[in-house]
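Before any comments, here is the structure.
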Amino acid sequence: MTGDLSRTAAEELDGHDELARFRARFVVADPDLIYLDGNSLGRLPAATPAFLDHVVREGWGRGLIRSWGDWIDWAARLGDRLADHVLGARPGEVVLSDSTSVNLYKLAAAALAASDRGVVVVDTDDFPTDRYVVQGLVEHHGGTVRELRSDIDRGLSPDRLRAALDEDVALVVLSAVSYRSGAMPDMAEVNRMAHEVGALVLWDLCHAAGAVPVELAATGADLAVGCTYKYLNGGPGSPAFLYVRKGLQPLLRQPIQGWFGQRDQFAMGPDYDPVEHLDRFLVGTPPLLSLAAVDPALAVVEEAGVERIRAKSVRMGRFVVDLARERLAERGFRLASPVDPDRRGAHVSLAHPDAWRICRALAEDAGVVCDYRAPDRLRIGPSPLYTTFTELWDAVDRLCGVLDSRSYERHARALARIT
Ligand SMILES: *Cc1c(COP(=O)(O)O)cnc(C)c1O
């Protein structure tokens, strides 16, 4: 049932929004700009500049090398906070390090090396880096990629996955939320199916962390990676996280034998001898300033709580889907995400043959930033901590204006370097 879809209704939803006060915790430099790309780069938390200034001036400027005595634990401390508030993992199972792509390589290589099997199952519609990393891994170290064909709008079907699983499979690599459609497989079911044939699962949580409640321990997850710059608002290129289930940690060896994984790191011993615990998945010196920015960002997520974030996100998703049905379908748009909110993450994809030019017109002429994804998708990514229902209503209204005036036809068809 579709409810009232007027602008007044949107304002009422904002009036009842228990997360409304969190918008003030972010820098909103241009109140007229509607930012619906928090799924690619979250907004700047208001507390971040002062905190970074403090770390730079006091930690670096005054403390100099002495500050490493404190800084050395930050990756683990932030990892434990993520584990507790965002990922449903135990202390000592999550740490921040490197990028998602590099962590994916480290964990996939470790899983493959520890197995006497050679098949890695990958979704053909997964985020490119996941597919490329796995392709390169098997090219260099042997093994084969087995491709899963998931529906690009509705996501992975459990039957397809079941059909791809057998006793040759070492590892399954999947995203918890599809970057394009937002489709969400059932993590517990996938883990169970993989475990039945003796395979491990490596989850990419980039579009899930901070947007949907993730329960790594309760769903029996083995391995996971994800970034902190999307719904976690850690800033451009902030360090990623990695998760390895406790019992697996001593059994897996990652391929990059850096000194941060070493037992008695400062003994500077002759040969690599990694610690038994999670630090063995670290490589080298963390990018401290980028790591620091995760701290105030995570504090906002912790205070709001992922359950409340998800509850608002589901309401926002439904609002966008209903508005799209009422106003955009007749203008040539089609929903390209699962209809069921339980199977959809925080963003909604809408397909239109001219999506790229429409996306440009929205950004350049109408003050609405969302993004385009191949082949013809407009991704609407509200972030419950700072997006309002009124903004969603206005964004759809401005989109109708762009379509009705055909102003998008003035924009180039050629894709830009970054979409
Ligand atoms: C954003 C994203 C990444 C990004 O990886 P980087 O190494 O940070 O560039 C990886 N996987 C998924 C699913 C993503 O959405």
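Nothing here was measured: the structure is a model prediction, and the numbers come from that model. When a ligand or atom number is given, it counts from 1 through the structure's own listing order.
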Checklist outcome for this item: With His347 as partner, the option from Lys230, His207, Arg180, Arg373 fulfilling side chain to side chain contact (heavy atoms under 4.5 Å, CB included) is His207
Checklist entry - Which parts of the protein, at residue level, reach under 4.0 Å of ligand 1 through a heavy atom? => result Ser99, Thr100, Ser101, Phe127, Thr129, Asp130, Ser175, Asp204, Cys206, His207, Tyr229, Lys230
Item to check | Pairwise distance CG(Leu328) to NE2(His352) - rounded to 0.5 angstrom | outcome: 9.0 Å
Checklist entry - Are Arg43 and Tyr386 in a cation-pi setup, meaning NZ or CZ lies under 6.0 angstrom from the ring centre and within 45 degrees of the ring axis? => result yes
Checklist entry - Does Arg325 come within less than 4.0 Å of Asp322, counting only side-chain N to carboxylate O? => result yes
Checklist entry - Partners of Phe281 by ring pair (Phe, Tyr, Trp, His ring centres under 6.0 Å), sequence neighbours excluded? => result none
Checklist outcome for this item: In short, Asp130 meets Ser175 closest at the heavy-atom pair OD2-OG, 4.4 Å
